[in-house]
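A quick write-up on the structure given underneath.
Heavy atoms only: backbone and side chains are in, while hydrogens, waters and symmetry mates are out.
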Amino acid sequence: MSVHLHWFLPTGGDGRTLVDRHAYTDGGIRRDRITPVSGVRAPDIEYLAQIAKAAEQLGFEAVLTPTGTWCEDAWLTTVALTQVTERLKFLVAFRPGVISPVLAAQMAATYQRISRGRLLLNVVTGGDSTEQKRFGDHLDHDRRYARTDEFLQVVRGVWGGKPFDFRGEHYQVEGGLTALPPDPLPQIFFGGSSAAAGPVAARNVDVYLTWGEPPEEVKQKIDWIRGLAEREGRTVRFGIRLHTISRDSSKEAWATADRLLDDLDPETVAAAQQALGRSESVGQQRMLALHGGSRDKLEISPNLWAGVGLVRGGAGTALVGSHAEVADRIEEYHSLGIEHFVLSGYPHLEEAYWFGEGVRPELAARGLLDAGPSPLDGVPAAHGRPASAPGGAPLLVAGGR
């Protein structure tokens, strides 16, 4: 089982510091912010193209594109980026409750033809009722997962190439059909830590994603989902969502992590924790429990740092260390059964190079990547690498991250 490396497209904005994106009156989408914040980059298509091209050059297989109020639309943004890349796949996050499953199946089929088979799907059920209501979705937490279960049954059904009927609590479909099914069928990624989420994963998805918890907790999740899938007669693969701060030395990496917190006063952290604490997401509550809102003991496991989660919703942990140390942790997760690593770092352009030029060769040397030439074979470690800069990310409470 090889490691699959994926990067992230910051369609809600990027930055060098941990800032509250709500300091923008426009959510960080436009350049003409009334309240400018230093070190933040708007998600212009030109900047996102730079990240996508860098990810492709550096050997990442795909990029995750989030969904939510403060993000550009993932479908439209990524289909545009298929035109400036050649091999890179796009892991498109979307909310099943705000789109017809038959239409989603048709969109995926069209996307596969336009992109020549480069679509992956990340189904985000949603753990924040306030966010869901913005999109007109008023179901409670568990009913949202029940609807996702039906949604995925319909999507796979209409991909079958012949009329498909379905009658459930949330969807009634008569003769549903994708006239030209996608080829290949997109892999479906999905995450959820609640009791309601597990059976949905077991019955429907290809890859179950967890946020970056300590290895022993990740193993418990893997065992849980694997057991549920076996009872359904299915096999599910596993992935993990993490940030990375990888440098030539451990000291330099930890100094970069420390700088991310320099601009955060206690009031900012407290406000973020209060907002995040209202989430219905079990996964979000598990992220918050890793640090308890305190800056003390943020290294919750060797090289696993929970500092990002002090102000950021969703994935709140980062692998921090030398390139070899970060590779060690990836190898440790891989030994548990993790195959897909969906990574990010702030700013995303620079951190893609740090990881691609530093950690990827380490993983290749250990035989963890598919055989074949690296896009950076023969390139010295320091060649083309941007100067080290403090990373950072806007506060994001939305899902799909």
Side-chain angles (χ1 to χ4, degrees), residues 1-9 55 59-67 74 78 88-94 118-125 127 148 152 184-194 197-198 200-229 234-244 281-284 286-287 301 304 308 314-319 326-327 329-345 348 352 355-356 359-360 363 368-370 399-401:
M1 181 180 69
S2 298
V3 166
H4 296 267
L5 298 174
H6 312 292
W7 198 243
F8 184 84
L9 278 177
F60 289 99
E61 181 177 330
V63 285
L64 170 64
T65 310
T67 183
T78 57
L88 189 69
K89 296 178 182 179
F90 294 91
L91 178 51
V92 174
F94 72 100
R118 292 191 280 153
L119 174 67
L120 308 170
L121 294 174
N122 180 33
V123 176
V124 180
T125 299
T148 296
L152 292 175
L185 295 180
Q187 292 183 73
I188 295 175
F189 290 63
F190 168 93
S193 298
S194 68
V200 180
R203 284 191 287 264
N204 298 288
V205 310
D206 300 299
V207 180
Y208 174 84
L209 278 177
T210 179
W211 285 327
E213 300 179 12
E216 61 273 14
E217 297 176 26
V218 169
K219 183 180 185 304
Q220 292 172 8
K221 276 190 175 181
I222 290 173
D223 292 343
W224 169 51
I225 296 296
R226 184 174 283 152
L228 292 174
R234 299 186 69 247
T235 299
V236 175
R237 300 189 300 281
F238 297 93
I240 193 167
R241 175 78 181 90
L242 288 157
H243 309 287
T244 69
S281 166
V282 173
Q284 181 64 71
R286 290 170 69 108
M287 284 282 101
S301 184
L304 185 64
V308 178
T317 54
L319 297 179
V326 171
R329 300 287 76 79
I330 289 176
E331 188 169 12
E332 181 179 10
Y333 282 118
H334 180 257
S335 71
L336 301 178
I338 296 293
E339 182 177 348
H340 292 267
F341 291 80
V342 184
L343 308 170
S344 56
H348 288 76
F355 185 94
V359 181
R360 193 181 189 283
L363 297 173
L368 294 175
L369 301 180
D370 282 334
R401 305 286 291 188

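With a 4.5 Å cut-off on side-chain heavy atoms, L319 and V359 do not count as touching. Residues I188 and N204 form no side-chain contact, since every pair of their non-hydrogen atoms from C-beta on lies 4.5 Å or further apart. Contact of the I222 side chain with the I338 side chain is registered, since non-hydrogen atoms from C-beta on lie closer than 4.5 Å. Considering only heavy atoms from C-beta on, N122 stays 4.5 Å or farther from F190 through its side chain. Side-chain contact between V205 and V123 is absent, with no heavy-atom pair separated by less than 4.5 Å.
A donor-acceptor pair under 3.5 Å links the side-chain atoms of H334 to the main chain of M1, judged by distance alone. No donor-acceptor distance shorter than 3.5 angstrom exists from the side chain of Y333 to the backbone of G239, with no hydrogens or angles considered. Side chain of R234 to backbone of A202: a donor-acceptor contact under 3.5 angstrom is found.
With sequence neighbours left out, the side-chain hydrogen bond (donor to acceptor under 3.5 Å, both in side chains) criterion links H4 to E61, E339. Take S301 and apply the side-chain hydrogen bond (donor to acceptor under 3.5 Å, both in side chains) test, not counting sequence neighbours, and it matches no residue.
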Worksheet entry | Verdict with reasoning, L64 to H6, per side-chain contact (heavy atoms from CB on, under 4.5 Å) | CA-CA 7 Å; L64 170 64; H6 312 292; over 6 Å; no
Practice prompt. Would you please test F90 and V63 for side-chain contact (heavy atoms from CB on, under 4.5 Å) and show each step?
Written response: CA-CA 5 Å; F90 294 91; V63 285; 3.5 Å; yes
Discussion item. One pair to check against side-chain contact (heavy atoms from CB on, under 4.5 Å): K221 and Y208. What are the steps and the verdict?
Written reply: CA-CA 10 Å; K221 276 190 175 181; Y208 174 84; 3.9 Å; yes
Discussion item. Applying side-chain contact (heavy atoms from CB on, under 4.5 Å) to T317 and W211, what does each step give before you reach the verdict?
Written reply: CA-CA 8 Å; T317 54; W211 285 327; 5.9 Å; no
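With respect to L242, the side chain to side chain contact (heavy atoms under 4.5 Å, CB included) criterion is satisfied by exactly one of V308, L304, I330: L304. Among L368, D370, L369, the one residue that satisfies the side chain to side chain contact (heavy atoms under 4.5 Å, CB included) test with S2 is D370.
The shortest non-hydrogen separation linking V236 to A201 is CG2-O, 3.9 Å. The minimum heavy-atom distance between P215 and E332, with the atom names listed, is CG-OE2, 3.5 Å. Considering all non-hydrogen atoms of both residues, F8 and R241 come closest at CD1-NH2, 3.4 Å. When all heavy atoms are compared, the tightest approach of G337 to F238 is O-CB, 3.7 Å. Listed here is the closest heavy atom pair of A74 and V92: CB-CG1, 3.8 Å. Taking every heavy atom of both residues into account, W7 and V342 meet most closely at O-CG1, 4.2 Å.
With rounding to the nearest 0.5 angstrom, the CG atom of L9 is 7.5 Å from the CG atom of L88. Atom CG of residue L119 and atom OG1 of residue T78 lie 7.5 Å apart, to the nearest 0.5 angstrom. Once rounded to the nearest 0.5 Å, the distance linking CD of Q187 with CZ of R237 reads 4.5 Å. With values rounded to the nearest 0.5 angstrom, T244 atom OG1 is found 14.5 Å from R329 atom CZ.
In summary, the side chains of T148 and T125 do present a donor paired with an acceptor at a separation below 3.5 Å, with no hydrogens or angles considered.
A salt bridge is absent between E216 and K219: the closest approach of a Lys/Arg side-chain nitrogen to an acidic carboxylate oxygen does not fall below 4.0 angstrom.
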